[in-house]
Amino acid sequence: MNYHWNWRIFWEPAPNGTGNYLDMLLSGLVLTIETAICAWIIALAFGAVVGVMRTLPSKTASSVGFAYVEFFRNMPLLVQLFIWFFVLPELLPHGSGLWLKQIPNAPFYTAAIGIGLFMSARVAEQTRAGINSLPRGQKLAATALGLTTAQAYRYVLLPMAFRIIMPPLTSEFLSTIKNTSVAITIGLIELTGEARAMQEFSFQVFEAFTGATVLYLLINVVVVIAMRFLERALAVPGYIGGK
Amino acid sequence: MIEISHVDKWYGAFQALKDCTTSVAKGEVVVVCGPSGSGKSTLIKCVNALEPFQNGQIVVDGIKLNDPKTDLPKLRARVGMVFQHFELFPHLKIIENLCLAQEKVLGRSHAEAVAKGSKLLDRVGLKDHARKYPAELSGGQQQRVAIARALAMDPIAMLFDEPTSALDPEMISEVLDVMVDLAREGMTMMVVTHEMGFASKVAHRVIFMDQGEIVEDALKTDFFGSPRSDRAQKFLSKILSH
């Protein structure tokens, strides 16, 4: 293979005038982290609500939850982002469609919301599994003490359910971070986008994507360690994570 | 205190309760017994509106259960319930288990709830375990905490759903002792149990159920002395001679 290796490329000035190539990748990393955190907050909030809905005795609530989950998890993420970014503005009345197209940072908001909703379907299923894994008597005991359904979920069921699903939730958070790379297709220049730009400017394709890979690995390792600490801090004796 | 009249309950096509009628007066201790699957647990859960029923009426302290205007959480808060598998909340320390509903349902201050909880823990002999988690206690200790948790709500009546069935034999007596004390203090109690020793010691009446029906509802002495129905006789001979 006739390839000219140059690991020093990271310290060479980038043609976009913002510093060297490493700065370019790092600015992409920041955008990746921002997008992932916003998406994760949306995924957790919507996922928790929909997951709870699927365990409620109300038929309406559980069918709404069912429809939501199947809608968001059965379409490829890429297609969903295209729908939000390219199709939705055309479907809306002319005025609001135009407004939507002109929002500054539209790729960022679309990616955060689109990835957030896609991941929320998965979080919802984890939440439902966590709640259903608790003994039925827990809900009965909470109810028998006079707690309302909302209070029973808030103080009794969800604290244990979330502890139980902490390990799979860590995986979902990692997926969220990795899925932000799909946003390159709607013009979000995050880490993968910056790596591609670097390759196009410098022709050092292996260095560029090795750099991006190492940075992805680093944030994911940080997340894994942070979640371990959280798991340990919330451990309950006799249960998952506890002694 | 508790009036159960003509209650029917179905799980799909299966009829779990058939025209059940009985009552528990204030200060009375009623033991409900019968073979498994006879509907006794279902009946006691209906009294606390934990299970819906299709026909009939249950009135607790003058309040109709299947009246849509009844505030069920408020009513349940006034009736204590103890379960077969304790059902303590595993992520909360023992004292927090006792305080949760006092604060969230009755609106007591934290200090007030802790004081009440500590007093009751002392009463069931577990004062030193307040800061532990449920999984760090034995089954018998957990069940005594569960009784204390129910008592912390100042209930007008206590329901027990097979409180000793999940316990090792050597732990049964520590739980029964607490229940016997309660009964002697005049607590209104409805107890589903196979512990005939408990029944003969403190019960006023014994209800015998089979296949969703109340087959026999008799004073204790009558029930143990001369059960009227064949089914009750058979049941008694089986469990007293084992």
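So you know, we letter chains A, B, ... as the sequences are listed, proteins then strands, and number each from 1.
Taking a 6.0 Å sphere around CZ of A:R54, one finds it holds more than 12 heavy atoms contributed by other residues, nucleotides or ligands. Around atom OH of A:Y109, no more than 12 heavy atoms belonging to other residues, nucleotides or ligands sit under 6.0 Å away. Within a 6.0 Å radius of OH in B:Y11, other residues, nucleotides and ligands contribute more than 12 heavy atoms. Taking a 6.0 Å sphere around OH of A:Y153, one finds it holds more than 12 heavy atoms contributed by other residues, nucleotides or ligands. Taking a 6.0 Å sphere around CH2 of A:W99, one finds it holds 12 or fewer heavy atoms contributed by other residues, nucleotides or ligands. Counting non-hydrogen atoms of neighbouring residues, nucleotides and ligands closer than 6.0 angstrom, the CZ atom of A:F82 exceeds 12 such neighbours.
In terms of heavy-atom proximity, B:M81 sits nearest to A:A144 at CB-CB, 3.9 Å. When all heavy atoms are compared, the tightest approach of A:G238 to B:A135 is CA-CB, 3.8 Å. The two residues B:H91 and A:Y155 come nearest to each other via the heavy atoms NE2-O, 3.0 Å. Looking at every heavy atom in both residues, B:F83 comes nearest to A:A141 through CE1-CA, 3.5 Å.
Using a 4.5 Å heavy-atom threshold, the side chains of B:H85 and A:P135 count as separate.
For chain A, the option among B:Q102, B:M153, B:K104 with the highest count of heavy-atom pairs below 4.5 Å is B:K104.
Proximity to chain B is absent for every atom of A:R154, based on heavy atoms less than 4.5 angstrom apart. Interface remark: B:L75 contributes no atoms to any contact with chain A (heavy atom separation under 4.5 Å). In this structure, chain A has no heavy atom under 4.5 Å from any part of B:Q84. For B:K132, no part lies near chain A; criterion is any non-hydrogen pair under 4.5 Å. In this structure, the portions of A:Q138 lying under 4.5 Å from any heavy atom of chain B include both its backbone and its side chain. For chain A, the nearby parts of B:R149 are the backbone and the side chain; heavy atoms of each come within less than 4.5 Å. Residue contact with chain A, scored on non-hydrogen atoms closer than 4.5 Å, is absent for B:V82.
Once rounded to the nearest 0.5 Å, the distance linking CG of A:L140 with CZ of B:R76 reads 9.5 Å. Residue B:L72 holds its CG atom at 12.0 Å from OG1 of A:T148, rounded to the nearest 0.5 Å.
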Is there a side-chain contact (heavy atoms from CB on, under 4.5 Å) between B:L100 and A:V156? Walk through the geometry before answering.
CA-CA 9 Å; B:L100 180 68; A:V156 176; 3.9 Å; yes
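For the side-chain contact (heavy atoms from CB on, under 4.5 Å) with B:F89, the qualifying choice from A:V236, A:L157, A:L145 is A:L145, the only one to do so.
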